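The figures that follow rest on heavy atoms only: side chains count, while hydrogens, waters and symmetry mates do not. The first residue in the sequence is number 1, and the count goes up from there. Nothing here was measured: the structure is a model prediction, and the numbers come from that model.
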Amino acid sequence: MAIPISISISVLLVLATLALVDSNGSLTVGPNIPTTLDGPFDPVTVPFDVSLRGNAVDLPDSDPRVRRRVKGFEPEQISVSLSADYDSVWISWITGEAQIGYNVKPLDPASVSSVVRYGNLRYPLTHEATGYSLVYNQLYPFQGLQNYTSGIIHHVRLTGLKPSRLYYYRCGDPSIPAMSGIYSFVTMPVSGPRSYPGRIAVVGDLGLTYNMTTTISHLTSNKPDLVLLIGDVTYANLYLTNGTGSDCYSCSFSQTPIHETYQPRWDYWGRFMQNLVSKVPIMVVEGNHEIEEQAGNKTFVAYSSRFAFPSDESRSLSTFYYSFNAGGIHFIMLGAYIAYDKSADQYKWLEQDLANFNRSTTPWLVAAWHPPWYSSYKAHYRDAECMRVAMEELLYSYGVDIIFNGHVHAYERTNRVYNYTLDPCGPIYITVGDGGNREKMAIEHADEPGNCPEPSTTSDQYMGGFCATNFTSGPAAGKFCWDRQPEYSALRESSFGHGILEVKNETWALWTWYRNQDTESTVGDQIYIVRQPDLCSIHRKKTIKRWFADI
């Protein structure tokens with residue numbers, strides 16, 4: 001694809017700069033790493049390697065990495081998450097023992113204080129912040145199902161922090177005393193066109209399997225500064241309340257309209273992940289496995305209780321959608337399992353968030369939610385179509401650069417696309433639902449003979465019903481599925497893994513996907529994603545004008 005003359009000089013200058021050294025003195029661009037300027041690319045399918053461990057096995061509750069190792073009200077499951085900007089973070093942890101059974105009695109959150117002591121020196125920790133605590137329940141109105149009540153969950157927001165600075169902290173209740181050991185984190189850089197985190201890890205659909213432990217080991221070895229988890233956290237809802245695994249959710253109580261979920265697996269997951277997320281901030285958005293229905297028509301209770309979200313700071317009304325800055329990147333996390341049409345609170349919030357973010361200080365705009373809009377796999381094919389129809393034009397009109405999704409248990413990267421059509425100003429969609437969960441890999445493609453699903457089977461009751469119909473134009477006109485790998489699909493591969501995003505400057509970012517090949521981490525895909533603001537600005541102004549005319 002030819003590079004427009006208007007940007008060719010600047011592109012060559014950037015290439016010349018990047019081809020020398022990065023901040024660590026390492027060569028960053030070689031002749032074998034393509035850029036999106038070379039696209040659109042012909043679709044590629046990497047054949048499935050049958051030797052891979054496609055059938056994931058869960059860690060048992062006897063594994064020492066998931067056992068409770070603290071005593072009394074000492075903190076455990078400690079994690080860091082970001083606020084809306086560099087000057088604030090959240091510290092979260094749990095104290096006390098969870099209970100599961102038929103006669104559970106919740107702990108009193110007021111019985112233990114929520115205190116974080118922190119500072120730039122390990123000794124002394126000169127600052128102190130207090131927060132709030134809560135206990136949540138997972139309750140069932142049916143005999144035979146065991147209820148659950150959590151330990152005391154604490155969330156404390158630290159404010160007034162300096163950018164790109166190392167902070168040490170301890171959390172707990174000093175009056176008992178029950179304080180944690182000393183941990184540390186590094187704040188995000190200040191927002192600006194030349195200021196970015198070093199490495200951002202992106203992963204989805206983790207669960208707690210032996211394959212997932214390999215993914216986290218590889219991810220940790222890449223030394224990320226931030227982790228994005230794109231939904232489906234623990235897969236606790238694939239267990240019955242007695243702890244027995246059950247892929248059909250409620251096989252032992254099939255007459256009940258509520259699917260069971262074994263909440264202790266949330267605690268197992270929090271213990272396993274503490275080594276990473278007590279040091280590296282993690283930002284989570286909900287997936288379908290976090291729905292976890294219970295009595296009173298309550299859903300997503302564990303998800304909303306266990307993590308801290310910058311909802312208030314980003315003027316969101318919900319834990320399901322929010323935004324934050326990480327240096328010169330503005331991240332938007334959206335909810336696929338809450339209303340998203342133009343009359344919904346989420347849509348109105350998104351309009352305001354997009355209108356208020358500043359391209360001069362955050363040139364990169366990255367969005368994430370769980371189910372992909374653009375996936376060529378048979379699993380979950382077009383089941384988020386209602387969300388795409390409702391939101392795609394709004395995101396496109398503001399020039400979203402990259403979109404991350406999970407849900408499909410495989411890897412796929414698209415060419416730049418908008419409304420199923422190749423578009424040089426459309427975003428790159430990357431599906432990373434390959435974290436290693438127990439539901440096996442997605443290996444079948446909708447474009448292969450006999451794999452195109454019946455349209456009526458593609459709707460998801462939690463995602464707005466049925467919107468996917470036959471294509472009316474393009475190579476698949478008159479059909480529900482393509483008869484070959486779609487032209488929007490640049491690369492797809494069925495393998496577990498994770499991705500690393502390294503933003504180099506206001507127009508160039510390196511994306512690397514690492515696949516899990518048994519015990520080795522192998523680069524499966526690598527590309528420079530290049531923004532072209534000069535090329536697309538006029539195009540997007542026309543789109544925004546048309547969009548405002550429609551509303």
Side-chain angles (χ1 to χ4, degrees), residues 68-99 104-120 122-138 148-161 167-185 187 233 263-264 266-267 269-271 273-284 300-314 316 318-319 322 324:
R68 188 172 189 266
R69 296 186 294 272
V70 299
K71 298 179 180 178
F73 287 96
E74 295 174 348
E76 65 160 355
Q77 304 180 50
I78 301 167
S79 66
V80 182
S81 56
L82 300 181
S83 185
D85 219 331
Y86 70 84
D87 58 353
S88 177
V89 304
W90 287 92
I91 307 295
S92 303
W93 69 95
I94 295 179
T95 55
E97 293 194 56
Q99 304 165 60
V104 297
K105 183 179 180 180
L107 297 172
D108 179 10
S111 64
V112 183
S113 297
S114 307
V115 177
V116 175
R117 290 176 173 168
Y118 64 101
N120 295 125
R122 183 181 290 270
Y123 301 105
L125 299 174
T126 56
H127 302 283
E128 182 173 292
T130 58
Y132 68 96
S133 60
L134 63 109
V135 167
Y136 81 86
N137 303 310
Q138 184 80 19
Y148 172 91
T149 184
S150 71
I152 301 171
I153 302 170
H154 304 261
H155 299 299
V156 176
R157 185 183 174 199
L158 313 186
T159 59
L161 307 179
Y167 284 88
Y168 296 95
Y169 73 95
R170 301 180 70 188
C171 59
D173 185 343
S175 68
I176 295 180
M179 294 291 285
S180 72
I182 297 178
Y183 296 87
S184 64
F185 63 88
T187 52
V233 180
Q263 290 295 294
W266 279 96
D267 297 303
W269 190 91
R271 292 167 188 150
M273 291 292 288
Q274 177 177 300
N275 285 339
L276 173 64
V277 299
S278 60
K279 307 175 185 71
V280 181
I282 183 169
M283 305 303 286
V284 184
F300 293 103
V301 177
Y303 162 83
S304 296
S305 301
R306 289 176 177 267
F307 298 106
F309 306 92
S311 300
D312 289 344
E313 302 97 281
S314 60
S316 167
S318 171
T319 59
Y322 59 91
F324 63 95

* For residues Tyr132 and Leu134, report the shortest heavy-atom separation together with the two atoms involved. => CE1-CD2, 3.7 Å
* Asked: Can you name the closest pair of heavy atoms from Lys279 and Asn275 and give their distance?
  -> NZ-O, 2.8 Å
* **Pair Tyr169-Tyr167, side chain to side chain contact (heavy atoms under 4.5 Å, CB included): steps then yes or no** => CA-CA 7 Å; Tyr169 73 95; Tyr167 284 88; over 6 Å; no
* Structure fact -> In terms of heavy-atom contacts, Pro75 and Gly172 come closest through CG-CA, 3.7 Å
* **Over all atoms of both residues, closest heavy-atom pair of Pro310 and Ala84** => CB-N, 3.8 Å
* To do: Verify the distance criterion only: is there a donor paired with an acceptor across the side chains of Trp266 and Gln138 at less than 3.5 Å?
  => no
* **pair Ile152-Phe73: side-chain heavy atoms closer than 4.5 Å** => yes
* Which atom pair, heavy atoms only, marks the closest approach of His155 to Arg306? -> CE1-O, 3.5 Å
* Asked: Are Phe185 and Tyr118 close enough, and set up right, to give a ring-ring contact (aromatic ring centres under 6.0 Å, His included), and what steps lead you there?
  -> CA-CA 10 Å; Phe185 63 88; Tyr118 64 101; 7.9 Å; no
* To do: Could you tell me whether the side chain of Leu82 reaches within less than 4.5 Å of the side chain of Met283, counting heavy atoms only?
  => yes
* **Ser133-His154 side chain donor-acceptor pair, cut-off 3.5 Å** => no
* Within-4.5 Å side-chain heavy-atom neighbours: Val284 and Val233 -> yes
* Side chains of Pro281 and Val80: closer than 4.5 Å at any heavy-atom pair? -> yes
* **Heavy-atom check, side chain of Ser314 versus side chain of Phe324, under 4.5 Å** => no
* To do: Would you mind checking if Arg271 and Glu76 are paired as a salt bridge, meaning a charged N to carboxylate O distance below 4.0 Å?
  => yes
* **Nearest-0.5 Å distance, CD of residue Gln99 to CG of residue Leu107** => 5.5 Å
* **Residue pair Pro106 / Asn137, side-chain heavy-atom distance below 4.5 Å** => yes
* Asked: Can you tell me how far CZ of Phe307 sits from CD1 of Ile153, rounded to the nearest 0.5 angstrom?
  -> 10.0 Å
* To do: Search all heavy atoms of Ile78 against all heavy atoms of Trp93 and return the closest pair with its distance.
  => CG1-CB, 3.8 Å
* Minimum side-chain heavy-atom gap Cys171-Val156 below 4.5 Å -> no
* When rounded to the nearest 0.5 angstrom, what is the spacing between CZ in Arg157 and OG in Ser88? -> 3.5 Å
* Short side-chain to backbone donor-acceptor contact, Ser150 and Tyr136, under 3.5 Å -> yes
